[in-house]
4 protein chains.
Amino acid sequence: MTQPNQERRSDRARSAILAAALDLCREQGLARTTMEEIAKKAQVGKQTIYRWWPSKAAVLLEAVNELAGRATDFPDTGDLYADLHTQMTGVATLLSSPRLSPYLSLIGAAQDDPDVAKSFLDAIILPRVQAARERLRRAQEQGQLRADVDLEDVVELLYGPFYYRALIRTRPVTLAQVDDVLELVRRGLNPPAPVG
Amino acid sequence: MTQPNQERRSDRARSAILAAALDLCREQGLARTTMEEIAKKAQVGKQTIYRWWPSKAAVLLEAVNELAGRATDFPDTGDLYADLHTQMTGVATLLSSPRLSPYLSLIGAAQDDPDVAKSFLDAIILPRVQAARERLRRAQEQGQLRADVDLEDVVELLYGPFYYRALIRTRPVTLAQVDDVLELVRRGLNPPAPVG
Amino acid sequence: MTQPNQERRSDRARSAILAAALDLCREQGLARTTMEEIAKKAQVGKQTIYRWWPSKAAVLLEAVNELAGRATDFPDTGDLYADLHTQMTGVATLLSSPRLSPYLSLIGAAQDDPDVAKSFLDAIILPRVQAARERLRRAQEQGQLRADVDLEDVVELLYGPFYYRALIRTRPVTLAQVDDVLELVRRGLNPPAPVG
Amino acid sequence: MTQPNQERRSDRARSAILAAALDLCREQGLARTTMEEIAKKAQVGKQTIYRWWPSKAAVLLEAVNELAGRATDFPDTGDLYADLHTQMTGVATLLSSPRLSPYLSLIGAAQDDPDVAKSFLDAIILPRVQAARERLRRAQEQGQLRADVDLEDVVELLYGPFYYRALIRTRPVTLAQVDDVLELVRRGLNPPAPVG
DNA sequence: ACCTAAACGAGACGGTACGTCGCGTCTTCGC
DNA sequence: GCGAAGACGCGACGTACCGTCTCGTTTAGGT
């Protein structure tokens, strides 16, 4: 992520820092997590953190990204809604898991720090959005999805409700939400046309 | 939110604090805004802030709530989608305005501070969600909305995409988004059934 | 010694800082004494030290000066050598006392820091040298001292040997040294002229 | 001062370190001179310094001692005061030269560090004091110096004034000081006995 | 119109964390 | 096996803010 000699870098320090940062952020949130605590818990000098990351948010970004890993990959079985169900279940699982509360803290930090926002978007969001759009495009070609919709709008419609619950906290993200959202989104809000 | 004698309270100090907090938060975000700056800019002793608010987030909550005011009230003309369009346009305007960037900062701060989250929810979100549900309920009774949907799900579906864009920043909130969301949400994603 | 509002200054903090600095410097020398230790031992925030003094040496200078106080004042009984004996005994006592080891540390620090050197000279040395010169001048007028000597040279001759022992440490300063120096200095090194 | 295999030692490294240390100490004093600067300036790994010296003071001690070299040797022409004049002129030259400011820094460092004090005394001071005492003893035997004086007292009387000026800095060491001190010290402070 | 108690502007205080510097050690190459 | 290079764990630096705590100084009701 930066400058000094990558080859001499201590793996032990790196993973201890990522683990400590995650733990502390889970316990007390990102704002109350300090570099000093991370260093102490990871048995590491503060300089070693600053040498490789510009901020605690950057540390957590790397840690969270490693955690999220392949858990949110997009399958393609040919059945769009089955695939969406699978993938969105992964997303809902992560967003509802206390293990990933640092993910929400990062989004919080991004509101006040353009650097964090940029890194978060580039490293975490955009690759997944891109994958989602491609899956949707294929579905469109196969007639499983209206041809006249903007795919990015669809992505926002599908995932917006999860982020809404996770960040605004009117109620918690659940796995049941996946069915609810998919059902609503497929059929739309209009009442069925009257028979006859 | 208080204790001392409200009647002796200085209006001048109160509004200077709210204004200073808003300005500073707009310029540098909530995280980089300090009590000392607010006090200095408002020509106020720090104690005067701490006397009436528990934290800078609380100050901003009050300031933001005053700003948002009636701008997001729900009309009821009898036409659900016209009313939704009106109200969501208000929301989109606020979420896309730099003047209300502190609103997003507050949501950010809420991720790490349960007190902020609670106050934000109670003072800002829940009243508006409640109003939205009531409007939707009336529409349901009038057959303008499927009868078999959970109204809170609908609220999340309608507003999630705006918060998604505002907080994740894949692209900015725009007024055009109101039409896009409403159109998608009314018809659903399924392709039209083939004729005959 | 500096800028903020002197009237609001906490006496408790000031004397606790001076005492802590003296203690720590006596135990471990000035170089190994840290601002952090001083603050901790004095139950004081570091900022409170930096608010009133520019460096740990400045703290010690004030502390030492307060300690030395009137102990090195010059008497004038009319008998030069009796007065010198009295005053030099005071000096020898201080230079040989572990309580004033910070005095030597200060001289040490002055070798590398012009600010310390200047303050030390102005606050501690010059007033005493001035008093000594005046006493010597009066003695010169009364014929108790050669008229053709530079008084500053005399001061250096009288006190140099004490600082030499204290700083170079070939052997410790003692009270007996007062007699030795005075005796040597009065008579000179030349052997007595042969009787004849 | 060492341990590893002296024979494999790099002369290039050794002299580069000594030169760099001297230069840096002359520019900024010993306290502000760091091992890292010395290593960088000498194009040397830090370990190479720590391998051969225990501290930066030890490096400078060796460097200074090499500089002082034979410049302060004691001659013996048979004329005590001529020889003193010669030798003290050497001392005054060194003490007044900016090239040897590290010498004073060392004395400063010795005030807070017993190891430095010990090494300084053993390597630099004691041999020269010993030489001085021997020269003075011979002079005593030859009747050029009072028989009833302690020779170490005499050494302190002769050199104290130079160290006083050098370390306390009331005024700078000069070559003229040699004459002044010798003159005073030979004749003493007492006024001449009245004739008759 | 005066009195008095409160809220006020100001800012020093005891602290915690910041991001940086330098320490002395350790590790990895190349000669 | 010494030397150049530099990452490491660590501790202190001097600064920025925290939230609390006096200080006078307004300022408003109550008399």
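In what follows, chains carry the letters A, B, and so on, assigned in the order in which the sequence lines appear, proteins first and then strands, with residues in each chain numbered from 1.
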Can we say D:D115 and D:K118 salt-bridge, meaning some charged N sits less than 4.0 Å from an Asp/Glu carboxylate O? no
Measure [atom1]/[X] against [atom2]/[N] and give the value in whole Å, please.
{"X": "C:L30", "N": "F:dA12", "atom1": "CG", "atom2": "C1'", "value": "14 Å"}
{"X": "B:I38", "N": "E:dG9", "atom1": "CD1", "atom2": "P", "value": "14 Å"}
{"X": "C:R9", "N": "E:dG14", "atom1": "CZ", "atom2": "P", "value": "11 Å"}
{"X": "B:R51", "N": "E:dA10", "atom1": "CZ", "atom2": "C1'", "value": "12 Å"}
{"X": "A:K40", "N": "E:dT16", "atom1": "NZ", "atom2": "C1'", "value": "13 Å"}
{"X": "C:W52", "N": "E:dC13", "atom1": "CH2", "atom2": "C1'", "value": "11 Å"}
{"X": "A:I17", "N": "F:dG9", "atom1": "CD1", "atom2": "P", "value": "7 Å"}
{"X": "A:Q6", "N": "E:dC29", "atom1": "CD", "atom2": "P", "value": "15 Å"}

Comparing nearest nucleotides in DNA chain F, the 5'-proximal residue of the pair A:S10, D:A42 is D:A42
5' precedence on DNA chain F between D:A39 and A:Q43 (nearest-nucleotide basis): D:A39
Do any N or O atoms of the protein come closer than 3.5 Å to N or O atoms of nucleotides 29-31 of chain F, and which pairs are they?
none

Between [X] and [Y], is any pair of side-chain heavy atoms under 4.5 Å apart?
{"X": "B:V116", "Y": "B:L61", "value": "no"}
{"X": "B:L30", "Y": "A:Q111", "value": "no"}
{"X": "A:E62", "Y": "A:R14", "value": "yes"}
{"X": "A:R26", "Y": "A:P98", "value": "no"}

Heavy atoms under 4.0 Å, any strand shown: does D:R12 hit a base, just sugar-phosphate, or nothing? sugar-phosphate
Look up atom [atom1] in [X] and atom [atom2] in [Y], then write down how far apart they are to the nearest 0.5 Å.
{"X": "C:L24", "Y": "C:K40", "atom1": "CG", "atom2": "NZ", "value": "11.5 Å"}
{"X": "C:K56", "Y": "C:C25", "atom1": "NZ", "atom2": "SG", "value": "9.0 Å"}
{"X": "B:L18", "Y": "B:L60", "atom1": "CG", "atom2": "CG", "value": "8.5 Å"}
{"X": "A:S119", "Y": "A:N65", "atom1": "OG", "atom2": "CG", "value": "10.5 Å"}
{"X": "B:K41", "Y": "B:E37", "atom1": "NZ", "atom2": "CD", "value": "8.5 Å"}
{"X": "C:T33", "Y": "C:D23", "atom1": "OG1", "atom2": "CG", "value": "10.0 Å"}

Quantify the bending of the helix from E:dA1-F:dT31 to E:dC31-F:dG1 as the angle between its end axes, each fitted on five pairs, to 10°. 20°
Contact under 4.0 Å: A:T48 side-chain N or O vs F:dG9 OP1/OP2: yes
Taking 4.0 Å as the cut-off, does a side-chain nitrogen or oxygen of B:W53 come that near to OP1 or OP2 on F:dG19? no
Is it possible for you to check whether C:R9 lies under 6.0 Å from the centre of the six-membered ring of C:W53, through NZ or CZ, and within 45° of that ring's axis? yes
N/O to N/O distances under 3.5 Å, protein versus nucleotides 20-26 of chain E:
unit_1, atom_1, unit_2, atom_2, d
E:dC21, N4, A:Q47, NE2, 3.1
E:dC23, OP1, D:M35, N, 2.9
E:dC23, OP2, D:M35, N, 3.1
E:dC23, OP2, D:E36, N, 3.1
E:dG24, OP2, D:Y50, OH, 2.4
E:dG24, O5', D:Y50, OH, 3.4
E:dG24, N7, D:K46, NZ, 3.2
E:dG24, O6, D:K46, NZ, 2.7
E:dC26, N4, D:Q47, NE2, 2.4

